[in-house]
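Everything below concerns the one structure shown next.
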Amino acid sequence: VNIIERGRNYGWPRVAGFCDGNYNGITIGGFAVVDEQANCATLNAKEPLRSIFPVINPPTTGDFMTWPTMAPSGTDFYGSNAIPGWQNSLLIATLKSGKIIRYKLSNDGQSIISDTINYFKGLGRYRDVAVSADGLKIYVACDSIGNTSGPTGNVLTTPPNPGSILEFTYQSGGSTRAINQLLTESKVDR
Ligand SMILES: [Ca+2]
């Protein structure tokens with residue numbers, strides 16, 4: 001999670017997360033990261049507010065589930081005051097162990113002031129998240145296939161709710177639950 005600034009570089013695939021060297025010697029996105037700190041300097045890379053979570057000692061082999069990053073995908077901003085405590089939050093969909101992550105932002109939106117808060121956790125691959133105009137419903141687009149674009153592609157397992165939009169409705173005083181599968185398409189745009 002980062003703040004876009006003109007003229008800065010955001011690193012991938014020469015930098016993963018912070019400029020901490022944790023991917024030195026690892027190939028990511030088809031690019032061999034020899035010296036992450038040097039890449040940061042060369043690129044004028046801007047370090048993130050939060051990194052979701054490339055590990056300190058990433059594995060060089062193995063299937064995608066051994067890679068601890070949550071594989072963030074689509075995001076939306078929650079600006080409503082409909083759900084208590086949620087106003088001014090960033091919502092992020094993740095592809096691996098599907099979940100919606102919420103980060104509470106500072107009033108000026110320049111920093112994250114919460115831990116990584118998880119919702120709707122399941123086995124689906126969540127491609128995108130959107131909020132209804134009244135702030136009471138959260139919509140989640142699910143991937144239609146399990147395949148990935150990285151070196152660990154060719155996952156043949158079909159994820160739950162393939163090609164569907166899930167609707168979650170906030171109920172005051174209760175918990176959020178998936179109550180409707182609104183529509184099923186042959187494929188959600190990737
Ligand atoms: Ca790093």
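When a ligand or atom number is given, it counts from 1 through the structure's own listing order. Because the structure is a prediction, the values reported are computed rather than measured.
- A donor atom on one side chain and an acceptor atom on the other are not found under 3.5 Å apart for Glu47 and Asn2.
- Put simply, Leu91 and Ile83 are part of the same group of oily side chains (I, L, V, M, F, W, Y) that touch within less than 4.5 Å, one to the next.
- Here Gly21 does not reach the Ca ion (ligand 1): none of its N/O/S atoms is less than 3.0 Å from the metal.
- Of the possible donor and acceptor atoms, one in the side chain of Tyr78 sits under 3.5 Å from a partner among the backbone N and O of Gly135.
- At a cut-off of 3.0 Å, Ala16 is counted among the residues with an N, O or S atom near the Ca ion (ligand 1).
- Phe77 and Ile52 end up in the same hydrophobic cluster when Ile, Leu, Val, Met, Phe, Trp and Tyr side chains are linked at under 4.5 Å.
- Here Asn22 meets the criterion, with an N, O or S atom under 3.0 Å of the Ca ion (ligand 1).
- Between the Ca ion (ligand 1) and the N, O or S atoms of Asp20, the shortest distance is to OD1.
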